[in-house]
There are 2 protein chains.
Amino acid sequence: MSPPPDPRQNHLLAALPEEDYAHFSLLMEWVQMPLGKVLYEPGIQMRHVYFPTDSIVSLLYVMEDGSSAEIAVVGNEGVVGVSLFMGGETTPSRAVVQSAGYAYRLKGQLLKNEFYRAGPMQGLLLRYTQALLTQMAQTAVCNRHHSLDQQFCRWLLLSLDRLSSNELIMTQELIAGMLGVRREGVTEAAGNVQKAGLIKYSRGHITILDRVGLEKRVCECYAVVKKEFDRLLPE
Amino acid sequence: MSPPPDPRQNHLLAALPEEDYAHFSLLMEWVQMPLGKVLYEPGIQMRHVYFPTDSIVSLLYVMEDGSSAEIAVVGNEGVVGVSLFMGGETTPSRAVVQSAGYAYRLKGQLLKNEFYRAGPMQGLLLRYTQALLTQMAQTAVCNRHHSLDQQFCRWLLLSLDRLSSNELIMTQELIAGMLGVRREGVTEAAGNVQKAGLIKYSRGHITILDRVGLEKRVCECYAVVKKEFDRLLPE
DNA sequence: ATCATAGTGTACGGTATCGTACGGATCGTA
DNA sequence: TACGATCCGTACGATACCGTACACTATGAT
């Protein structure tokens, strides 16, 4: 068993003043985040919020007919479970681990107490939520106007930014579920990007060869979201 | 000149306890909201928040190439300018009046003061923001999976819910801009819905003939959003 | 070494929307 | 009542993605 990761790999926790963080660190619980683990189901009361350190969580909506679409992705820059402090307690979407790793979790009530104490955590959480809002909005725009190739690049880059590695463990089948398209569509998009020499993949392992090339190929949506995250939550 | 409308046509203002509302009402300013008026531009510091009484505001993202897409719509159920109290001050999107009417506005700083006093307004604003989040998420999903016919119906119903009338003043050109499609596409969708006897329109005037019929034809996205607004902000 | 399985490649007709072009209808205004 | 402007209808080839079907290949288990 590997040792627990540093909680402050999570940017929100890292941004807290030492005092506040010390308080938090006593309350948080280290948890594994295996691929595919479901953190929340739509409409079900959430028990915890999760601060990923090196895992990635996908927020996705699953429709009545079974098709799905990712609406946002959360990694070490944020927190899963904003609806707890926003007051809704539940959301109509689902939270699934998209890239395995670890996270620290906190009982919902404890986070709410902290939030309503109006300490430094409150501002952080609110600004993060606004960034999340931007990500969702931009996903809507991207779904409307951009090609699958571009959306695939956006998805890759958003995921990469939330990992320390340049390799993703992810089958085309799963990516298709996130993007809300057919698996065959992803095969083609990924094939194009591979032919261009930007990535290499085989059986669920995607290796980034040319990140700059990806950034040239992606639509503007990626930069809009990234810029907004950097603006709202500077290092 | 018609007399100023009752501010409490706005549901957020109406939900405030008498005391808090009395305080607010002294600070708010009545403004006209003519069709097409731009309230915010992307990246520009916002000066006011707007509480619509009978107007509708569209939040839309305009892309580099000039194409656009609506990411959410705000009427008397909410407030325009959540990024002020969320802490971001700006957003990458644009706010345009989509249906003429009136609103009450409040200087940004005054709303922030109120928000951080943690009175009843704070909870309202947070829950409203979560509802807005849901609307954006569902827009993303709808853009991905549903036909233009269904999206047109969703747009109609979301707009209707924010008006007291059963008539919309809206050209197909403008609707196309909101939905992020060609004007001709809207002509076809609207034609289909009219053939089905659900609406009647001519030169920018859309009259709803059969609202129940619309609700049968729309995709699930409409109900998801409506249910979530009702849950988070009950009358 | 064999085999089942998960993951990927390819193909092909079907469909919704696009881009573009142009014609017709209705309205406000002179 | 004539005219320009706005708004809407229609048409047609192009294209991106879908739905479906099936074959191939790397991997892990036995």
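Both backbone and side-chain heavy atoms feed into the values below; hydrogens, waters and symmetry mates do not. Just so it is clear: chains get the letters A, B, ... in the order the sequence lines come, proteins before strands, and each one is counted from 1.
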A.B. asks: When you measure from the side chain of B:Asn10 to the backbone of B:Thr53, do you find a donor-acceptor pair of N or O atoms at a distance under 3.5 Å?
C.D. replies: no
A.B. asks: In whole Å, what is the span from the NE2 atom of B:His205 to the P atom of D:dT6?
C.D. replies: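 Between P of D:dT6 and NE2 of B:His205: 16 Å.
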A.B. asks: Give every pair of a protein N or O atom and an N or O atom of nucleotides 9-15 of chain D that lie under 3.5 Å apart, one pair per line with the distance.
C.D. replies:
| residue | atom | partner | partner atom | Å |
| --- | --- | --- | --- | --- |
| D:dG9 | OP1 | B:Tyr201 | OH | 3.1 |
| D:dG9 | OP2 | B:Gln172 | NE2 | 3.4 |
| D:dG9 | OP2 | B:Tyr201 | OH | 2.9 |
| D:dG9 | N7 | B:Arg183 | NH1 | 3.1 |
| D:dG9 | O6 | B:Arg183 | NH2 | 2.9 |

A.B. asks: To the nearest Å, give me how far apart NE2 (A:His146) and P (C:dT17) are.
C.D. replies: 18 Å
A.B. asks: Do A:Leu156 and A:Ile175 touch side chain to side chain, with heavy atoms closer than 4.5 Å?
C.D. replies: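 The answer is no; the side chains never approach within 4.5 Å.
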A.B. asks: Looking at A:Gln151, A:His145, A:Gln138, which one forms a side chain to side chain contact (heavy atoms under 4.5 Å, CB included) with A:Cys221?
C.D. replies: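 When A:Gln151, A:His145, A:Gln138 are each tested with A:Cys221, the side chain to side chain contact (heavy atoms under 4.5 Å, CB included) holds only for A:Gln138.
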A.B. asks: Mind calculating the distance between CG (A:Asp65) and C1' (D:dG19) to the nearest angstrom?
C.D. replies: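 A:Asp65 atom CG is separated from D:dG19 atom C1' by 13 Å.
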A.B. asks: Judged by atom type as modelled, is there a donor-acceptor pair below 3.5 Å linking the side chain of B:Gln130 to the main-chain atoms of A:Thr90?
C.D. replies: yes
A.B. asks: Rounded to whole angstrom units, what separation is found between the CD1 atom of B:Ile169 and the C1' atom of D:dT6?
C.D. replies: 15 Å
A.B. asks: Distance alone, cut at 3.5 Å: any donor-acceptor contact between the side chains of B:Gln98 and B:Arg162?
C.D. replies: no
A.B. asks: Between C1' on C:dT5 and CD on A:Glu173, what's the gap in Å once rounded to a whole number?
C.D. replies: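 So the CD-C1' distance, A:Glu173 to C:dT5, works out to 13 Å.
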A.B. asks: A:Met170 has an atom CE; how far is it from atom P of C:dT8, in whole Å?
C.D. replies: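 Answer to the nearest Å: 11 Å.
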A.B. asks: Side chains of B:Asp65 and B:Ser67: donor-acceptor distance under 3.5 Å anywhere?
C.D. replies: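 Yes, side-chain donor-acceptor contact under 3.5 Å.
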A.B. asks: So A:Gly204, base contact, sugar-phosphate only, or nothing? Heavy-atom distance under 4.0 Å.
C.D. replies: sugar-phosphate
A.B. asks: What integer distance in Å separates A:Arg203:CZ from C:dG7:P?
C.D. replies: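 So the two atoms are 7 Å apart, to the nearest Å.
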A.B. asks: Without decimals, in angstroms, what is the distance between A:Leu148 CG and C:dT17 P?
C.D. replies: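 Going from CG in A:Leu148 over to P in C:dT17 covers 17 Å.
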